[in-house]
Amino acid sequence: MNMKEENVQLMSKLIEDSSNAKEMGKDVAESFPGPPEVAIAGYKVVETDPVGSHREEDIGFINVTDNADNSRDHFNNLEINAFPSFSEELAAGCEEGETEARANSTQAELATKTELIAQESNDGKEIKLESLKQEGVSLIENFTAQQIKEHISSLRECIDQDLGKKEGANRRVNVDSKNSCQLCGADKLSLAPAPIYCSSCCARIRHSAKYYSIPEVDGIRYCLCSSCYKLSRSESITSSGILVSKAKLIKKINDEEAEEWWVQCDKCKSWQHQICALFNEKKNKEKKDCFLCPKCCLEEIENGEHKPPLVKTVFGAKDLPPTMLSDHLEQRLFRCLQKNREEKAKATGMSIDEVPEVEGLVVREVLSAQKLVKVNEKLLDILKDGNYPTEFPYKSKVILLFQKIDGADVCLFIMYTQEFGAECSQPNQRCVYISYLDSVKYFRPETETAAASGEPLRTVVYHEIMIGYLDYCKKRGFATCYIWACPPKKGEDYIFYFHPEIQKIPKSDKLRQWHKTMLLKAAKMGIVVGLTNLYDQFFSTGRYNSKVTAANLPYFDGDYWSGAAEDVIKHIEKASGQDSKKNKKIVSKRTLKAMGHTNPSGHATKDILLMQKLGQNILPMKEDFIIAHLQFVCVCCHRAILDGWRWFCRMCKSFQLCGRCHDAEQYIYKYSTHTSCNGEKHSLSRIMVDVPYDTNDNDASMDSGLFENRYRFLLFCQKNNYQFDTLRRAKHSSMMILYYLHNPTSLLAETTCCICDKDTPLDQCWQCKTCSDFFVCAACYHRHGCSLHVHKLSLHPSAVDSSAENRETLKKGLWKLLEVLLHASGCDHCSHPDCHLMKKLFFHSKVCTVRAAGGCKHCKKIWFILRKHSRSCKVSDCNVPRCRDLKQLAQSLALKPAAF
């Protein structure tokens, strides 16, 4: 027996002979965490050539190759972006793996040459396990025959909405025409034009409006709105520090339109819109798979030639990893819907089965990342006497709601929040800010509740998600929630790109009432204990405030007052210069007394002026700045009552007193009574308060470049034409969003240059440390230098070469990656995103037909990680897949090093 045969025999012991292919699949499954049926479902049994002409097929992790040079690719050419949280650790591991691969080439060569043969004779035929592909190029591949029929039918219903009611009948052509989509029956469908912004004032140029532009200069496109063009009296205009001649500007109209993309079926050669076919062009570029249109898929299913796969080829909303927050929201939501259904059945006299049920809802948290908001420097100068923090750490979270409609997950609702925990300094401590939320009107069923208000069922769902979030925050120890009810301007989008025409933009009063209705529901449940507004709490002395100062105002990322304060400060400095005495004359003694100041200093005077001007701006719209108290506030010290005794009056609901103030003011609250506003004596009751000291929910951190902020997501959708104006487009856009969430490496580590508006890799750009969203590509920076921005620009950290110390840190970080491997090998259910990704690599390696030898980057990743683990593992009965096998193989190679 030669050495190769001996090693083949050695590795063949990894799988025992079975009586049928199902048992063989079970053996494979048992080496991985999770239910065995998940792994078994990843294979199907097919008949192949007779045994005499058989081909060997590996069914485990061992990869087959006849070229020894491929063994170097096995470990050296790893992509480092499989695990976003561990990209640096993988980079270090690759460097170390390259050195070890050279030192241990013998072992690597044998590992790549070894084959596992699983054959069984059955009437002269070989039974082979053929793996199913993991991700397809169309969501239709997951559909049943009925779902395909429903999808095609819905396209016909949606097309009138796409083209407009008046021109829909005129522009639809026969489905047999070569120029029409065989699915929807329409020919050319126009997408929304890409937004154009003025290079001077940064305002968006309205559709069909006139503007001025010149051909791209050095890769930069200059556009000027009519207002900026007319206001400029000189022969040239300065934009972003660059001089542009007005003579070169050409008058244009913003009426350009893009057309929906098409795709041809590889079987019937018919054409259809990519959106109609739910076609993933990004995945097709990666895999170049054969594409079957929905009609061909339906025909094959009906003829028995094709069956929907047992294992999903496209992952949906439910496959996103759940978290404690998403589980909490889903459970509350389902209970609420069940209760509403029972109430409607009772109110209408119908049985509960006759009441339409809400189906297919999925709530997921897709971002939970630690961030930092820096305070404006000019504001810090004013508040230097009050020791106002220079920055506030917070956790940014994004919550999505999906509903499966006609077989496809549609994103209906999105909410951005900022959580400033117990570790944060005052005045942001224990605050939650609901920064943005948006929705599209596709929720089903379109019914109303049984309540007297008759509010739509979708409103109940959206309210319940927000109430559930407030409940989750309250239980974790947060004290206050801030909401700014500000609708977008006409023609503008907050988060979702291009809303349906039937969905009207709410006016300020309607949006404010929508939020207050939600908060009143939360108050009835005991989640919200008090409501006020920003003006009453911070711009006047009273129950919540003893002194009016900007130092009491919480500072949020992107909030109204933090942006408005900068403009007010500039106005104050321009009006009075640096003369503090002049500032004092502007503010009357009566105003100073009303604001709680007696003899203010120069900086304090500016603080007073700032609050006075801001108060004047906020007063007309003060009801839009809503504050919801999740914990009771002491009437004496104006602080949230978080521990100790809470004293309260059962007759005066607004009277709440903390234990410290009660003990300190015993002469006032003698015999535990207080005097009401009408002079009556009321007795006080008390209750022990035990709010969690730590607001951290110990849930997994999740970073997502796609949802990093609402601007990034909106810009991403605009550039890729992921619109939500019709249901058919919302299906496709949601499918692509889910694709990028499940495949974060497909979303390249890139950003958009703020000068030329072109995509640029992060490792080739310059950024501003003060303005977190300002990035400049290398070309623009080298062309124009520091004149591009008011602040200093520095090379992005990812572009800086790692020092020896950094490389050592990365090597240490590799052990964190190995810890994830150990965790995932024994974990049944976990919300940690890295655990989820590791399990996806496990599953992929079982079903992949390319293998590492064929160049599969995912197989290379998992083999590199497993090999690193096996070398350091000292546990004899380790449950990490293939650990014992790799150890045994290494021992065998060590005994006979001269055989190669």
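Quick note: numbers below take in every heavy atom, side chains included, and nothing from hydrogens, waters or symmetry partners. The chain is numbered in sequence order, starting from 1.
In this structure a side-chain-to-backbone donor-acceptor pair under 3.5 Å is missing from Glu260 to Leu191. Judged by distance alone, the side chain of Tyr442 and the main-chain N or O of Phe724 form a donor-acceptor pair under 3.5 Å. In this structure a side-chain-to-backbone donor-acceptor pair under 3.5 Å is present from Ser138 to Leu278. In this structure, Gln182 contributes its side chain and Gln272 its backbone to no donor-acceptor pair below 3.5 Å. Checked by atom type and distance alone, the side chain of His328 pairs as donor or acceptor with a backbone atom of Gly468 at under 3.5 Å. Judged by distance alone, with hydrogens and angles left aside, the side-chain atoms of Ser226 form a donor-acceptor pair with the main-chain N or O of Lys210 at under 3.5 Å. No donor-acceptor distance shorter than 3.5 angstrom exists from the side chain of Asp559 to the backbone of Ser562, with no hydrogens or angles considered. Ser733 contributes a side-chain N or O that, together with a main-chain N or O of Gln723, makes up a donor-acceptor pair within less than 3.5 Å. Side-chain atoms of Asp319 come within 3.5 Å of backbone atoms of Gly316 as a donor-acceptor pair (strictly under, hydrogens ignored). Judged by distance alone, with hydrogens and angles left aside, the side-chain atoms of Thr348 form a donor-acceptor pair with the main-chain N or O of Lys344 at under 3.5 Å.
Counting heavy atoms from C-beta outward, Leu457 and Phe443 have side chains that approach closer than 4.5 Å. The side-chain heavy atoms of Glu299 and Cys268, taken from C-beta on, include no pair separated by under 4.5 Å. Taking 4.5 Å as the limit, every side-chain heavy atom of Leu738 sits out of range of all side-chain heavy atoms of Arg364. By the 4.5 Å heavy-atom criterion applied to side chains, Ile152 and Pro294 are counted as neighbours. Under the 4.5 Å side-chain criterion, counting only non-hydrogen atoms from C-beta, Pro487 is not in contact with Lys510. The side-chain heavy atoms of Thr726 and Ile275, taken from C-beta on, include no pair separated by under 4.5 Å. Between Lys318 and Asp409, every side-chain heavy-atom pair lies at or beyond the 4.5 Å cut-off. Looking at heavy atoms from C-beta onward, Phe279 lies out of side-chain contact with Trp261 at the 4.5 angstrom threshold.
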(message) What verdict does the side chain to side chain contact (heavy atoms under 4.5 Å, CB included) test give for Glu492 and Ile505, after you've listed the backbone C-alpha separation in whole Å, the side-chain angles of each residue and the deciding distance to 0.1 Å?
(response) CA-CA 10 Å; Glu492 296 285 341; Ile505 299 176; over 6 Å; no

Walk me through it: do Cys297 and Ile148 pass the test side chain to side chain contact (heavy atoms under 4.5 Å, CB included)?
CA-CA 8 Å; Cys297 285; Ile148 294 176; 4.0 Å; yes

Margin query: Quick one, Leu706 with Arg712, criterion side chain to side chain contact (heavy atoms under 4.5 Å, CB included). Give me CA distance, side-chain angles, the key distance, then yes/no.
Written below: CA-CA 7 Å; Leu706 181 60; Arg712 175 74 184 271; over 6 Å; no

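Remark: Arg710 qualifies as a cation-pi partner of Tyr436 under the 6.0 Å distance and 45° angle criteria applied to the six-membered ring.
For an aromatic pair to be called close, the ring centres must be under 6.0 Å apart, and Tyr482 with Tyr433 fails this. Here Trp262 and His273 bring their ring centres to under 6.0 angstrom of each other.
Rounded to the nearest 0.5 Å, atoms CD1 (Ile465) and CG (Leu470) are 12.0 Å apart. Rounding to the nearest 0.5 Å gives a distance of 8.0 Å between CE of Met735 and OH of Tyr722. To the nearest 0.5 Å, atoms CG (Leu714) and CZ (Phe498) are separated by 12.5 Å. Note that CG of Asn720 is 9.0 Å distant from CG of Leu715, once rounded to the nearest 0.5 Å.
Sorted by first then second residue, the salt bridge (Lys or Arg N to Asp or Glu O under 4.0 Å) pairs that include residues 268-279, not counting sequence neighbours, number zero.
Looking only at atom types and distance, the side chain of Tyr469 has a donor-acceptor partner in the side chain of Thr417 under 3.5 Å away.
Screening Trp561, Tyr416, Phe625, Tyr494 against Trp484 for a ring pair (Phe, Tyr, Trp, His ring centres under 6.0 Å) leaves a single residue, Phe625.
Applying the side-chain hydrogen bond (donor to acceptor under 3.5 Å, both in side chains) test to His515 and every residue at least two apart in sequence or in another chain returns nothing. Taking Glu446 as the reference, nothing meets the side-chain hydrogen bond (donor to acceptor under 3.5 Å, both in side chains) condition, with sequence neighbours excluded.
Contact check on Lys371 versus Asp557 returns no salt bridge, with no Lys/Arg side-chain nitrogen under 4.0 Å from an Asp/Glu carboxylate oxygen. Ion pairing between Asp406 and Arg444 holds under the 4.0 Å rule for side-chain N and carboxylate O.
Across every non-hydrogen atom of Lys188 and Ser190, the tightest pair is CE-OG, 4.0 Å.
Ring geometry for Phe413 against Tyr462 counts as parallel: the plane angle stays under 30°, on a 0 to 90° scale with 60° as the upper cut.
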